[in-house]
Student: 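Before I ask anything, let me first share the structure, which is written out below as structure tokens.
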Amino acid sequence: MAIRVYNSLSRVKEDFKPLHEGWVGIYVCGPTVYDWTHLGHARTYVAFDAIIRWLEYRGYRVFYVQNITDVGHLTEAGEDKVVGRALRERVEPMALVEFYMREYFRDMDALGVRRPDISPRATGHIIDMIEAIKQLIEKGYAYEVDGNVFFDVSKFTDYGKLSRVRIEEMIAGARIDVHPGKRDPRDFALWKKASIDYPLKWVSPWGYGFPGWHIECTVMAMKYLGEQIDIHGGAVDLIFPHHENEIAQAEALTGRKPFVKYWMHTGLLTVNGEKMAKSLGNYIRVRDILEKYSPAAVRLFILSAHYRSTLDYREEKLNEAESNMKRLMNSLARIEEAKIEKASDKPASSEERQILSELYRLSNSFDESMDDDFNTAEALSFLFEISRTINKLVDLPSINKPILNEAESILKSKLRILGLPDTPPRREASSKLVEALIDIIIDIRNEARRRKDYATADEIRRRLALIGVKLEDLPGKTIWRIEGGY
RNA sequence: GCCGGGGUGGCUGAGAGGCGUAGGCGGCGGGCUGCAGACCCGCAUCACAGGGGUUCGAAUCCCCUCCCCGGCUCCA
């Protein structure tokens, strides 16, 4: 069955057919590395990570490019974000970039986001950008004014096709930067002039300067993925002007349309219903949230809503995600325990066969949800049902070994696809020695229970819980688990 | 003003004409338990913003109204 993808350009779900059979080129707009990674970034990159994992699961060879913006991204006041921050902190701009870029990767690694195949930096592609700008001037789509180069929006008739911004109405917008040299207020900068003492500048045919923000993505996307690419993604707030301008630049440059076959946009993250904004003081850094919640829970929280809908951050939801994660890990742990204690070579009973076919049905439903525009929220509902069905299976007194293995591989495969841990914490966090020690403690406690010395038994359980070891008394035996740790 | 996205049971959050009254959390009841937890089963006046319409059938399509959020050269 074909994957369906919602295309922001057409505003409908389309059957996914890459430009080249079996190969998918995807470009996602990366962060401007002048500050800490926040939860909004995480939302977008976790979502695309799940999308890419699914495409690969469906047999595509995926080539993933995500840029690192380290120059050219201006604030409303017209200041380069990297340069401005570096000047205030009295550090070399590239040192600032290096620091936040490493922290960005660290945060993404923690969240289980796989690294792109290429993470091109804008500053490493100045030559390519200058070349592109030269060509745009030659083709009549751009013009130079006193060391600045602007894209002439009036020359590109398709302008506005992605954002549906009506070019005539833009003039009414109050926030348009009216650079004195612009022929038209709607034109945007490809190259910005820099003074001789400016810290981040390059030589160009138009003198010292630095590139505009939009041209970097166009140039790097085309350099590594070709003149036409399958998927280009980012959050919805990039649709205008960033992606609109990218289309204008790319299609003006190559004359080939469309530049991007499928535009995919993730919804924004809000905090307690409000937009996350520095001015509101409600920025949530990834590193801060990871001090309170496990990476897997943060990831599960993100995937619990569809990637296109607005995701509202609230403490309760993270707590919920945390307990949901435990629920999934419990199933996994129970399978492992069952493999050791209940696996049987006897032929499967009709009840076991019924459970297995139920698992297959749920597994297919999961896949169908993911095929339908990567609906992780719906897929998760089937994952929880898989978990519950498995719990029923492992409650049986003895279990057919192949069925048990099959159940385990279904659960693990779904977890991996979503980028969630597929190993219960016990294995990771313990050693043979620890396991043996805990077994001794459990034996002593059970001896106390036999004597009906419940005070001692409860005290042992309480103290172990304090160090993260949870005991569970089941009929006939006691098992233990490590809390969290995933 | 223009362009988008929404309003679903106590809370979240899928569903976009019938094909599962999704799922999770919380609550209540039961099972298993010395207790707890985990796990399983069950329950919750008409759940679909309001009003019209189309249809054999509407949360889902159409029209009108109300409300919320976002974009409109800072944003992932």
Side-chain angles (χ1 to χ4, degrees), chain A residues 8 11 13 28-32 37-48 66 73-79 81 160 163-166 168-170 172-179 185-189 212-214 233-242 244-245 265-270 273-279 300 304-306 308-312 314 316-317 319-321 323-324 326-327 330-331 333-334 361 365 369 372 375-385 387-388 390-392 394-395 449 452-454 457-458 461-462 465 470-475 479 481:
Chain A
S8 306
R11 319 243 163 168
K13 283 183 203 169
V28 174
C29 286
T32 301
T37 310
H38 59 66
L39 203 52
H41 296 119
R43 197 275 164 101
T44 293
Y45 303 127
V46 165
F48 278 107
Q66 185 196 75
H73 197 169
L74 307 186
T75 65
E76 206 165 351
E79 177 187 65
K81 290 183 171 189
S163 60
R164 313 270 161 110
V165 168
R166 305 269 295 267
E168 318 81 60
E169 280 156 5
M170 279 177 64
R175 283 163 66 187
I176 289 180
D177 164 35
V178 198
H179 186 281
R186 300 163 300 192
D187 292 347
F188 58 90
W213 177 38
H214 315 298
V236 285
D237 56 352
L238 294 184
I239 290 177
F240 191 85
H242 189 56
E244 195 68 59
N245 291 352
H265 292 97
T266 54
L268 295 181
L269 181 99
T270 56
E274 282 185 315
K275 182 185 176 175
M276 186 167 73
K278 280 189 181 154
S279 53
L300 191 62
S304 69
H306 188 268
R308 280 190 283 119
S309 62
T310 305
L311 177 64
D312 189 37
R314 288 168 55 186
E316 311 91 86
K317 291 197 203 172
N319 290 328
E320 204 174 294
S323 41
N324 281 333
K326 272 185 205 149
R327 191 176 171 78
N330 270 335
S331 280
R334 297 186 75 195
R361 186 186 68 81
S365 296
S369 297
D372 183 13
N375 194 337
T376 54
E378 189 175 71
L380 278 172
S381 79
F382 295 113
L383 182 59
F384 286 116
E385 294 195 56
S387 165
R388 194 195 327 133
I390 283 177
N391 290 338
K392 273 189 261 190
V394 298
D395 272 343
R449 290 173 72 208
K452 301 216 189 303
D453 178 5
Y454 294 123
D458 290 351
R461 183 169 64 196
R462 190 185 69 81
K470 268 258 168 81
L471 297 190
E472 288 179 23
D473 295 322
L474 300 178
I479 60 162
R481 299 209 175 98

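Values reported hereafter were calculated over all heavy atoms of this structure, with side chains retained and with hydrogens, waters and symmetry mates removed.
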Student: Rounded to whole angstroms, how far apart are CD on A/Glu244 and P on B/rC3?
Tutor: 15 Å
Student: Any donor and acceptor pair, going by atom type alone, linking the side chain of A/Glu244 with main-chain N or O of A/Gly160 inside 3.5 Å?
Tutor: yes
Student: Could you give the CG-to-P distance, from A/Asn324 to B/rA22, as a whole number of Å?
Tutor: 18 Å
Student: Could you state the atom-to-atom distance from CG of A/Leu268 to C1' of B/rC69 in whole Å?
Tutor: 10 Å
Student: Rounded to the nearest 0.5 Å, how far apart are OG of A/Ser163 and CG of A/Leu238?
Tutor: 12.5 Å
Student: Checking A/Ser369 against A/Asn375: is there a side-chain donor and acceptor pair closer than 3.5 Å?
Tutor: no
Student: Looking only at atom C1', what distance separates B/rA58 and B/rU54, rounded to whole Å?
Tutor: 10 Å
Student: Spell out protein contact along nucleotides 31-41 of chain B as letters: B when the base is contacted, S when just the sugar-phosphate is, - when no protein heavy atom is under 4.0 Å; keep the 5' to 3' order.
Tutor: -S-BBBBSSSS
Student: Between A/Lys81 and B/rC75, is there a contact of a side-chain N or O with OP1 or OP2 at under 4.0 Å?
Tutor: no
Student: Given the P atoms of B/rC64 and B/rG4, what is the spacing between them in whole Å?
Tutor: 15 Å
Student: Just checking, is any N or O donor in the side chain of A/Thr44 or A/Thr266 under 3.5 Å from an acceptor N or O on the other one?
Tutor: yes
Student: Which residue, A/Ile239 or A/Glu320, contacts RNA chain B at a nucleotide closer to its 5' end, judged by nearest heavy atom?
Tutor: A/Glu320
Student: Against A/Leu269, only a single residue in A/His38, A/Lys275, A/Met276 fulfils side-chain contact (heavy atoms from CB on, under 4.5 Å); can you say which?
Tutor: A/Met276
Student: Base, sugar-phosphate or nothing for A/Leu383? Non-hydrogen atoms, less than 4.0 Å.
Tutor: nothing
Student: NA contact type, A/Arg43, heavy-atom cut-off 4.0 Å: base, sugar-phosphate, or nothing?
Tutor: nothing
Student: Heavy atoms under 4.0 Å, any strand shown: does A/Thr270 hit a base, just sugar-phosphate, or nothing?
Tutor: nothing
Student: Has A/Lys317 got a side-chain N or O lying under 4.0 Å from the OP1 or OP2 atom of B/rG13?
Tutor: yes
Student: Quickly work out the A/His38 NE2 to B/rC74 P distance and round it to whole Å.
Tutor: 15 Å
Student: Between B/rA44 and B/rG57, how far apart are the two C1' atoms, rounded to whole Å?
Tutor: 27 Å
Student: Students often mix this up, so state it plainly: with edges at 30° and 60°, are the rings of A/Trp213 and A/His242 parallel, tilted or perpendicular?
Tutor: parallel
Student: Taking CD from A/Glu316 and C1' from B/rG13, how many angstroms apart are they, rounded to a whole number?
Tutor: 14 Å
Student: Do the side-chain N or O atoms of A/Arg308 get closer than 4.0 angstrom to the phosphate oxygens (OP1, OP2) of B/rG5?
Tutor: no
Student: Hey, which of these two, A/Leu380 or A/Gly30, hits RNA chain B nearer its 5' end, going by closest nucleotide?
Tutor: A/Leu380
Student: Are OP1 or OP2 of B/rG4 and a side-chain N or O of A/Ser163 less than 4.0 angstrom apart?
Tutor: no
Student: Measuring only between side-chain heavy atoms, which start at C-beta, is A/Asn324 closer than 4.5 Å to A/Lys326?
Tutor: no
Student: Can you tell me if A/Asn375 touches the phosphate of B/rG15, counting only side-chain N or O atoms and a distance under 4.0 Å to OP1 or OP2?
Tutor: yes
Student: Return the nearest nucleotide to the side chain of A/Phe188; candidates are B/rA76, B/rC75, B/rU73.
Tutor: B/rU73
Student: Indicate, with a heavy-atom threshold strictly under 4.0 Å, whether A/Ser304 touches base, sugar-phosphate, or nothing.
Tutor: sugar-phosphate
Student: Under a 4.0 Å N-O cut-off, is there an ion pair linking A/Asp458 with A/Arg461?
Tutor: yes
Student: Once you apply a heavy-atom cut-off of 4.0 Å, does A/Gly40 come out as touching a base, just sugar-phosphate, or nothing?
Tutor: base
Student: Classify the nucleic acid contact of A/Glu274 as base, sugar-phosphate or nothing, counting any heavy atom under 4.0 Å across all strands shown.
Tutor: nothing
Student: Of the listed nucleotides (B/rA14, B/rA76, B/rG24), which one gets closest to any side-chain atom of A/His306?
Tutor: B/rA14
